[in-house]
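In this chain, numbering begins with 1 at the start of the sequence shown. If you're wondering where the values come from, they're calculated on a predicted model, not measured in any experiment.
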Amino acid sequence: MSRRRYPAGVQDFEKIRTDGFVYVDKTEYIYNLANNCGDAIFLGRPRRFGKSLLCSTMKHYFLGHKELFEGLAMEKLEKNWTEYPVLHFDMSNCKSDDINEVRSNLDLLIRKYEKQYGCEARDLGYGARLQQLIETAHQRTGNRAVLIFDEYDSPVLNVIDNPEKMDAIRSIYNSFYTPVKALGEHIRFLFITGITKFSQMSIFSTINHLSNISMEKEWEGLCGITAQELESNFQPELDALAREYNTTSEGALQLLRDRYDGYHFGPGKVDVYNPFSLVNAFRSMMLEDYWFGSATPSALIKILDKYNFQLSDIENTQLFRSDFDQPFDNMDSAIPILYQSGYLTVKDYDFESRIYTLGIPNQEVHSGLYRTLMPRYLNSSTSDNRSLLMLVKKAMIDDDIDAALTAAQSYLSALPYDLSNKSERDFETLLRVMFDCIGIETMTEVESSRGRCDVVMKNRNTIYVLELKISSSATVDEALAQINERDYLIPYWNDPRRKVKVGVTVNPDTRTIGEWKVVE
């Protein structure tokens, strides 16, 4: 099979269409957005989920570039191609920690279109310049302007950990966007993308006519690659991946589901794959963590630190729709921004109570998130953490829980600092971080009809049920007795994997695992 070209990192619709890259047809969505959904739209999606390609496709549609849409759904839908003046602002180009540089970058974006439409670069504020530009574009072309603001919140999120800079940058953009609402007679269509909802940033305080389609059922598949699109567009790649991993086509599909699927952007729970990871996997024929590895986790760490995020907060988090719309300044939890950033997704929606249940979408995000969290719970030394994970990983490949706990015991004994407190929950979290980081499905505080088990780990061939006793006088037999008395293994009897009980003592003074006993 000759290899097709995959648009990994390519966000220009024209380049994709003229250079022969694979393109998953989203043009029916775009036609309906532009003609049947109002004239001022906001869409929120995580980074690298196709927002910029969507904006580029929309730009070429409104510019009337009919030839780029040959063979696509748009070719049959659009009968009256019209060339509109399009003002397309990629706000990620304005991202900087320096306020003067932010102003300079914004000035360059505006000046590009001022030159195109012959506007005088007078000594005006950003908002006044934008207003003049919109009115001039309408006047000189005879058609109302199309405004596209991509990644509108990128400059503000970049300084999320610095309230003073955040306020200053937000003020700049407030003045820039201010005239938009009052210029409806000059605007054919307004489209804004970002990660966070516009009301949360308090930037569009004067633009209250935006329709937020981010969680509407009709648009769940607008960005990313749906399960249906994967199977209908990438069968050759599925067959090739199956050969590479010595499995069937269905087996290859399951590998992709586990690693990159699982995103749901609304109550319809349409399965969406991460497009960046998917096309990179097809390009290289290797299943790696492309999305998580494509950017440093600094922004994530800033968010977690800002809201004092704890790992336990992630478990079966439930929110009302209104919880996603809390103003950024008054937000008391990292959960909404973790959802909007792609680290959490909709796992369930109850139509009667209107409650959303969130969780981690897939293996890629799961392993990446836990690796990022590791220094917060273990050693800040990346090399030390990596050495520990290698030892534990090798032990668990051999189903050797003794070797894994020996490595954990030695490692915890050598840590040069104390835990914030010495509760059982702290040690449950430490074990969970270690085992989750190596791909072992790990749960803590697992409820059953008879009680709550401390730790459950599911390896490929074995289920381990761990009970921790944190006391200098506790015994492993007491821990094992609790597993037996409360029947912690009963929920797993129908699972064909072997079941293993592990009693563990933890010494709060030495702050490490004391003894353990393994019983099948």
Side-chain angles (χ1 to χ4, degrees), residues 11 42-52 54-55 89-106 109 126 148-177 191-205 207 210 212 214-215 223-224 263 265 274 276 291-309 313 323-345 358 361 365 368-369 372-373:
Q11 301 170 345
F42 171 78
L43 174 71
R45 285 292 183 270
R47 64 179 177 83
R48 294 194 180 275
F49 251 82
K51 298 189 299 294
S52 294
L54 180 70
C55 289
F89 297 96
D90 182 354
M91 308 313 293
S92 66
N93 291 325
C94 296
K95 186 167 61 176
S96 174
D97 292 335
D98 185 275
I99 303 298
N100 290 327
E101 191 172 339
V102 168
R103 291 193 179 97
S104 176
N105 290 336
L106 181 56
L109 288 181
Y126 297 121
I148 301 173
F149 297 107
D150 189 19
E151 302 284 5
Y152 89 94
D153 51 357
S154 182
V156 181
L157 288 177
N158 186 56
V159 291
I160 189 175
D161 59 332
N162 190 320
E164 185 176 342
K165 284 187 177 180
M166 193 165 103
D167 286 343
I169 291 175
R170 186 162 48 191
S171 177
I172 292 171
Y173 287 102
N174 240 327
S175 67
F176 176 55
Y177 295 120
F191 188 63
I192 301 171
T193 78
I195 292 176
T196 56
K197 188 185 173 185
F198 54 91
S199 62
Q200 291 177 273
M201 281 293 171
S202 303
I203 289 179
F204 298 117
S205 56
I207 308 179
L210 282 170
N212 181 11
S214 304
M215 299 184 75
C223 285
Y263 292 95
F265 295 111
N274 185 313
F276 183 79
W291 179 77
F292 213 99
S294 66
T296 61
S298 57
L300 174 60
I301 295 298
K302 290 176 184 178
I303 292 168
L304 299 181
D305 288 341
K306 179 179 175 69
Y307 296 103
N308 193 29
F309 175 81
D313 295 342
D323 292 326
F324 294 98
D325 300 337
Q326 295 177 37
F328 216 65
D329 294 337
N330 299 325
M331 198 179 292
D332 58 5
S333 167
I335 296 299
I337 191 72
L338 286 175
Y339 163 76
Q340 292 157 343
S341 301
Y343 302 110
L344 297 177
T345 195
L358 305 184
V365 178
L369 185 59
T372 299
L373 291 170

task: State, to 0.1 Å, how close F42 and T193 come at their nearest heavy-atom pair, and which atoms those are.
output: CE1-C, 4.1 Å
query: Looking at CG of L109 and OG of S104, how far apart are the two atoms once the value is rounded to the nearest 0.5 Å?
result: 10.0 Å
message: Any non-hydrogen side-chain atom of L54 less than 4.5 Å from a side-chain atom of F191?
response: yes
From CG (D150) to CD (Q11), nearest 0.5 Å: 7.5 Å
- request: Considering non-hydrogen atoms only, spot the tightest contact between W291 and R48 and give its length.
  value: CD1-CB, 3.9 Å
- line: Closest non-hydrogen contact found for E101 with D98 is N-OD1, 2.8 Å
field: Heavy-atom side-chain contact between Y263 and V365 under 4.5 Å
entry: yes
All ring-ring contact (aromatic ring centres under 6.0 Å, His included) counterparts of F89, not counting sequence neighbours: Y113, F149, F176
- prompt: How close do E151 and I195 get, heavy atom to heavy atom, and via which atoms?
  reply: OE1-CG1, 4.5 Å
- prompt: Can you tell if the side chain of I169 reaches within under 4.5 Å of the side chain of V156, non-hydrogen atoms only?
  reply: yes
Residue pair G342 / P46: nearest heavy atoms and the distance that separates them: CA-CG, 3.5 Å
query: How many angstroms lie between CG in D90 and NZ in K51, if you round to the nearest 0.5 Å?
result: 10.5 Å
- line: CG (L358) and OG1 (T345) are apart, to the nearest 0.5 Å, by 7.5 Å
- request: Kindly compute the distance separating CG (L338) from CG (L369), expressed to the nearest 0.5 Å.
  value: 7.5 Å
task: Taking all non-hydrogen atoms of both residues into account, name the closest pair between C223 and L43 and its distance.
output: SG-CD2, 3.8 Å
task: Decide yes or no for M91 and D153: does some side-chain heavy atom of the first lie under 4.5 Å from some side-chain heavy atom of the second?
output: no
- line: dist Y126:OH -> Y173:OH (nearest 0.5 Å) comes out at 8.5 Å
- prompt: Do we see a donor-acceptor contact under 3.5 Å between the side chains of N212 and S214?
  reply: yes
message: Are T196 and Y152 packed together at the side-chain level, in the sense that at least one heavy-atom pair is separated by less than 4.5 angstrom?
response: yes
